[in-house]
2 protein chains.
Amino acid sequence: MKLQQLQYFVAVYEQGSFSAAAEKVNATQSGLSMHVSQMEKRHNVVLFHRSSSGVSPTEEGRAFYLEAVKVLAAACRAEDRLKGLSKSVVGHVHVGLMPTFTRAVLTEALLRFDREYPEVRLSISEGYASTLAGEVVEGRLDFAVVPASFAINEALVSKSMGQDRECLVCAADRDIPMTKNGVHLKELAPLRLVLPGTGNARRTLIENYMALNEVEVSSILELDTMHGTLNLVASSDWVTILPGIMCLPDLDGSRRKVAMLVDPPLTVDYMRIETRKRPLSAVAQIFADILQEELNSALEVFPYA
Amino acid sequence: MKLQQLQYFVAVYEQGSFSAAAEKVNATQSGLSMHVSQMEKRHNVVLFHRSSSGVSPTEEGRAFYLEAVKVLAAACRAEDRLKGLSKSVVGHVHVGLMPTFTRAVLTEALLRFDREYPEVRLSISEGYASTLAGEVVEGRLDFAVVPASFAINEALVSKSMGQDRECLVCAADRDIPMTKNGVHLKELAPLRLVLPGTGNARRTLIENYMALNEVEVSSILELDTMHGTLNLVASSDWVTILPGIMCLPDLDGSRRKVAMLVDPPLTVDYMRIETRKRPLSAVAQIFADILQEELNSALEVFPYA
DNA sequence: TTTTGGTATCCGTTTTTCTGATACGATTTA
DNA sequence: TAAATCGTATCAGAAAAACGGATACCAAAA
């Protein structure tokens, strides 16, 4: 059994095609075909169903894939150890964040990280969960933080980062009936609601909540710009629903009013996604830890009442 | 990075010699030398200090070894999955047990295992910890159960199986001053004590206990046969000290009297040792689990008073 | 000083791997 | 229905890598 064979197999598995995988790993289609079929013959198993439109893994192929990526991850760790990467904290970290994070948690994390590891290059991309997930799979991002509702790719592994509460955000001068530090949304109906576009994972979450709790929505405005949303809400009777950590700057009530949704609460889980086959580099791990710490302290402000 | 290079490296590491490793993995000394030096050059590290009497790992070599065995273990699991070994429960299991286990726990475990997996061949070897550890390193045993006091080889990993109480064993008709279900050994001094030979790990344990608690021993008899010891103790004024699970058949008091050592108690931890670089086969794991269960129920008889 | 046990290096041989071309099947397109 | 397209399997020669014996070298022990 060779390590490269595992890489080839994993590539074919993830691409669903010998040809595409060959291009990805800089090899030829015939080479991959031979390697995979050699593995199959040697162990008398069939790993892929071949068809004229690509390949799909068999049950055995699926099971083997899960083991194969563990081997590759271990091999990466071993090689990193050799390179001394596990000690020296230098390099380039690419991180993808859902928009939620870029307002509240990111700034603090960035400042801390830059102070402690000034020679590390850091690249942050903002995007929707599905986009970011794709980038992680492709290896262009070290990891990404997305809402947990997102169904993740098999090539990815997710680690929970914590649960947040969704909050109603409206103009500061608006009177809303608060109950025990929260708001019962139905009492505000009919709502004029600003929502993210349908590509956003939170959109579905919120619409389900509305439907399930029979909250009447008189009009919906689709805004995919966070600045625009916040400005509009601050100076009109439009309201929106945002994760708690996005509302932190507004908790003083000077520009906007914030109230947790209650009866029932609406929660959102954040998770960090990364590839199975390559463990986080030492630097990426450090930044992930800092991000987690900042998130933790941000979440403390919103107790699970 | 190739899997075989890792195997070569690990072999050299464990043998402390290129020549010995070459023989072990059925390769030539020159081949191993080239592979290792290639790894070293490629990553600009030195893995071994070469000398005319063999090699010793550098700090980097040590660190890399710990990662390398993880890769090999993962690769074994992956290959086992391909072979379908992880499902089918057939094969041959070799287990090493310290003498303690062969009296009480083994029988029950054997019966259960043979009933549930009749087509599996099982080989049990009895031996001292150091012997068994060597056999495990060499790959002749799937795993071994030994007392935890034994300092284990770096190629091995140990898992705790539970703590046992040492007991005094003497003739059934002897009168001994019992206190709260135990015996204070000093009150019986001077003792005529049957002990295992100096090669036995428990020998040191017991002698330390005697010295530390100032128990006077009038004479020592070295017996390395369990049958001999038990028979002698049953029909003379010689006494011995045995782990609790060995005393289970004597708890009825018909042939021998058993009393836990108290003030202070003397305990012994059992552990399972296996190689780092190869995970237990499915069958071996099952037998290990059964052994653990039997040990647990045996240990319940001796509460940690 | 010689012997012994160990490692590094060299080079011809053998084995494996890689690649490009080709064949074949299925699905889509004209 | 025929052709074109996309995908995989297979083959044979070329390229690369691994292998293994011989040799050189070193250091400690005899």
Side-chain angles (χ1 to χ4, degrees), chain A residues 1-62 64-65 68 71-72 75 79 82, chain B residues 1-62 64-65 68 71-72 75 79 82:
Chain A
M1 168 95 63
K2 292 190 176 55
L3 215 46
Q4 197 181 31
Q5 288 184 317
L6 292 181
Q7 285 168 332
Y8 286 168
F9 164 79
V10 165
V12 172
Y13 185 99
E14 292 181 353
Q15 298 294 315
S17 150
F18 281 77
S19 322
E23 196 171 345
K24 194 164 192 34
V25 300
N26 293 319
T28 57
Q29 176 264 326
S30 69
L32 264 65
S33 175
M34 289 182 69
H35 275 292
V36 170
S37 75
Q38 181 184 329
M39 293 171 68
E40 291 179 319
K41 276 173 191 161
R42 195 188 299 281
H43 297 96
N44 266 316
V45 290
V46 178
L47 295 171
F48 294 106
H49 297 297
R50 272 80 162 176
S51 87
S52 58
S53 61
V55 296
S56 62
T58 63
E59 210 40 56
E60 288 85 357
R62 245 184 82 86
F64 182 58
Y65 171 78
V71 181
L72 295 183
E79 200 155 7
L82 265 198
Chain B
M1 168 94 63
K2 294 194 176 55
L3 216 45
Q4 196 182 31
Q5 288 184 317
L6 292 182
Q7 285 168 332
Y8 285 168
F9 165 78
V10 166
V12 173
Y13 185 98
E14 292 181 353
Q15 299 293 316
S17 148
F18 280 78
S19 323
E23 194 171 347
K24 193 164 193 34
V25 299
N26 292 320
T28 57
Q29 177 264 326
S30 71
L32 265 64
S33 174
M34 289 185 70
H35 274 293
V36 171
S37 75
Q38 182 183 328
M39 294 171 67
E40 292 181 317
K41 278 174 191 161
R42 194 189 299 281
H43 296 96
N44 266 317
V45 291
V46 178
L47 295 171
F48 294 107
H49 296 298
R50 272 79 162 176
S51 85
S52 58
S53 61
V55 296
S56 63
T58 62
E59 210 40 56
E60 287 86 356
R62 243 184 85 86
F64 182 59
Y65 171 79
V71 180
L72 294 182
E79 198 154 9
L82 265 197

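All chains are named by letter (A, B, ...) in the order of the sequence lines, taking the proteins before the strands, and each is independently numbered beginning at 1.
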Visitor: Heavy atoms under 4.0 Å is the rule here; annotate nucleotides 12-30 of chain D 5' to 3' with B where the base is hit, S where only the sugar-phosphate is, and - elsewhere.
Guide: ------SSBB-----SS--

Visitor: Within a strict 4.5 Å, meaning less than it, do heavy atoms of the B:Phe64 and B:Leu6 side chains meet?
Guide: yes

Visitor: Starting from P on C:dA8, measure out to NE2 on B:His49 and report it in whole angstrom.
Guide: 13 Å

Visitor: Output the rounded distance in Å from CD (A:Gln15) to C1' (D:dC6).
Guide: 16 Å

Visitor: Write down the distance between CZ (B:Phe18) and C1' (C:dT9), rounded to a whole number of angstrom.
Guide: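 It works out to 13 Å between those atoms.
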
Visitor: Do A:Val55 and A:His49 have side chains that get closer than 4.5 Å, going by heavy atoms?
Guide: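 No. Closest side-chain heavy atoms not under 4.5 Å.
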
Visitor: When you get a sec, tell me which of D:dT8, C:dT7, C:dT9 is the closest nucleotide to the side chain of B:Val55?
Guide: C:dT7

Visitor: Compare side-chain N and O positions of A:Arg50 against OP1 and OP2 of D:dG7 and report whether any pair is under 4.0 Å apart.
Guide: no

Visitor: Aromatic rings A:Phe48 and A:Phe9: how do their planes relate, parallel, tilted or perpendicular, breaks at 30° and 60°?
Guide: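 Aromatic pair A:Phe48/A:Phe9 classed tilted.
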
Visitor: In Å and rounded to the nearest 0.5 Å, what is the CD to CG distance from A:Gln4 to A:Leu32?
Guide: 9.0 Å

Visitor: Give a yes or no on this: more than 12 heavy atoms of other residues, nucleotides or ligands lie within 6.0 Å of atom CD of A:Gln38.
Guide: yes

Visitor: Is there a donor-acceptor contact under 3.5 Å linking the side chains of A:His43 and B:Glu79?
Guide: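 Yes, because at least one side-chain N or O of A:His43 sits under 3.5 Å from a partner of the opposite role on B:Glu79.
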
Visitor: Scan A:Ser17 against the nucleic acid and name what it touches under 4.0 Å (heavy atoms): base, sugar-phosphate only, or nothing.
Guide: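 Sugar-phosphate contact only - A:Ser17 comes under 4.0 Å of backbone atoms but never of a base.
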
Visitor: Does the side chain of B:Ser33 get closer than 4.0 angstrom to OP1 or OP2 of C:dA8 through an N or O atom?
Guide: yes

Visitor: Rounded to whole angstroms, how far apart are CE on A:Met39 and P on C:dT17?
Guide: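 After rounding, the gap between these two atoms is 12 Å.
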
